[in-house]
Peer 1: 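One structure is given below, represented as structure tokens, and several questions about it will come after.
Computed from a predicted structure; not experimentally measured.
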Amino acid sequence: MMSVAYDFAHSPATEFMARPQHLLIDGRRVPASSGRTFKSLNPATGQIIATVAEGGEADVEHAVAAARRAFEGPWRTIRASERGQILLRWADLLKRNAEEIIELESIDAGKPISATMRQDFPAAVDTLIYYAGWADKISGDVVPVRDDALTYTMREPVGVVAAIVPWNFPLMIGMWKLAPALACGCTIVMKPAELTSLSALRIAELALEAGLPAGVFNVVTGPGRIVGDALVNHPDVDKVTFTGSPGVGRGIMKGAAGNFKRVSLELGGKSANVIFDDADLEAASKAAASGIFFNAGQVCSAGSRVLVQEKAYDEVVERLAARAKSLRIGDPLDRKTALGPVISEKQMKSILDYVDIGRKEGASLVTGGTRVGERGYFISPAVFAGVAHEMRISQEEIFGPVVSVIKFKDEADALRIANGTAYSLAAGVWSRDIGKLQRFAKRARAGTVWMNTYGYTDVRLPWGGERDSGLGREHGTAALDNFTEPKAVWMNLAV
């Protein structure tokens, strides 16, 4: 294991973590009604880094009531342009506190700090600025129905939103939900993942400092089975936006039926990254390695199935294995670290169990797939060759640094395998033949298809999938539809 490269003993993030991490409800940091707390652990060491309030049903009740008051009061009546200005001031405060937030996210989630600096934090700020610009541009249409009437549409905020955020990208995905909802005029109760609650609490404090009225953005930390369920079942919550597992997503849809809440879900993935034998194999292998090993494979759109045409198969396996062996595993706060820990001991055991399953199924473990060190939750990146499409490691989401390399014959075979799972979030395809690329993109069951690249996202483009990958889209103008309701207005002119 690498030694810590930087001294953060007296950093703002460390000072923040030393504070009792209370809930944030109606503009104030308050302990849980029950007085209960839980410990937040550093995945790189297994050590306690913070004590966090364990919210319950009573806290959800208070937070939803605060959000409803804010929605019916100051947030709904404020001018749209002022909403945008508040969001821009918030973005400026995030940038001014960048070092603290990046460090906090790295320690809490075990994310390599270099990747958090390069991707997570800039993406969160970009999302906030993008939707701040939309705040006063969400408009309806005049629809010429008949001469004796003025008929037009309006888009109104959906109301109180429950935002349930995962642990793999707490800051970035949290902002994917916060920014468009607030720009549209909604109010929010956020439940961050129990394993990664700290960045949500810190950015919520900065939102208040930026001028966000009390009650507009509330944070209730605690277990999903209590806080999440209470939000989903609450009769005064109008909308649930969730990122997580398909199993939890199904439960949310059932709970939301109580008052017909609107629901958007971004769920799992088992994405295929398809490499034809006429592709640039060096570029494709490099991107394929990044596509599965980035964030220790804890990415919904991770290219966990690399499909390679027969002639190129052995070379790609060799290149992937070489890249896996070269990745620097170590302390997330060391800027040279490429692969940090997985999020928890439970997740580490689950991933290692899948490595055993792959072996028992007859796949060949070329490299990796073992625990690294005795402290923290580090796993060496694993490459499986000789994987059959029907194997569990090819069909089930592992959510770790494990790649299954699958051989295919031709276009039809590649498409059959790529579409042959319950997921449809993303896919990649590599070839020098533009026709082949276009045919694959058209027929692939995926919300995003990358051609001769892999893994890029941008808030200006829709993001999401179907089937076990979810329901609805985030990002771009699609996200505005998630948080607004259209209203038709008919004015009689024949009076």
Peer 1: Do Asp334 and Lys336 meet the salt-bridge criterion of a basic N to acidic O distance under 4.0 Å?
Peer 2: no
Peer 1: Do Arg96 and Asp92 meet the salt-bridge criterion of a basic N to acidic O distance under 4.0 Å?
Peer 2: yes
Peer 1: Is Arg460 paired with Asp126 through a side-chain N to carboxylate O contact shorter than 4.0 Å?
Peer 2: yes
Peer 1: When Phe276 is tested against each of Phe408, Phe440, Tyr313 for ring pair (Phe, Tyr, Trp, His ring centres under 6.0 Å), which residue passes?
Peer 2: Phe408
Peer 1: Could I get the full list of salt bridge (charged side-chain N to carboxylate O under 4.0 Å, His left out) partners for Glu310, not counting sequence neighbours?
Peer 2: none
Peer 1: Does CE belonging to Met451 count more than 12 external heavy atoms closer than 6.0 Å?
Peer 2: yes
Peer 1: Residues in salt bridge (charged side-chain N to carboxylate O under 4.0 Å, His left out) with Glu411, at least two apart?
Peer 2: Arg439
Peer 1: Is it the case that atom CZ in Arg416 sees more than 12 heavy atoms from other parts of the structure closer than 6.0 Å?
Peer 2: yes
Peer 1: Quick one: list whatever passes side chain to side chain donor-acceptor pair (under 3.5 Å) with Arg118, sequence neighbours left out.
Peer 2: none
Peer 1: Verify, without hydrogens or angle tests, whether Arg467 (side chain) and Thr421 (backbone) share a donor-acceptor contact under 3.5 angstrom.
Peer 2: yes
Peer 1: Any Lys/Arg nitrogen of Asp468 or Arg250 sitting under 4.0 Å from an Asp/Glu carboxylate oxygen of the other?
Peer 2: yes
Peer 1: Give a yes or no on whether the backbone of Asn295 and the side-chain of Gln298 come within a donor-acceptor separation of less than 3.5 Å.
Peer 2: yes
Peer 1: Hey, are Asp481 and Arg155 close enough for a salt bridge, meaning a charged N less than 4.0 Å from a carboxylate O?
Peer 2: yes
Peer 1: In terms of the angle between their ring planes, are Trp450 and Trp463 parallel, tilted or perpendicular, with boundaries placed at 30° and 60°?
Peer 2: tilted
Peer 1: Does a sphere of radius 6.0 Å around NZ in Lys137 hold more than 12 heavy atoms from other residues, nucleotides or ligands, not counting ones at 6.0 Å or beyond?
Peer 2: yes
Peer 1: Is it true that the NZ or CZ of Lys111 lies under 6.0 Å from the centre of Phe169's six-membered ring and within 45 degrees of the ring axis?
Peer 2: yes
Peer 1: Decide, yes or no, whether a salt bridge links Lys286 with Glu282 under the criterion of side-chain N to carboxylate O below 4.0 Å.
Peer 2: no
Peer 1: With a 4.5 Å heavy-atom cut-off, do Val306 and Ile292 have their side chains touching?
Peer 2: no
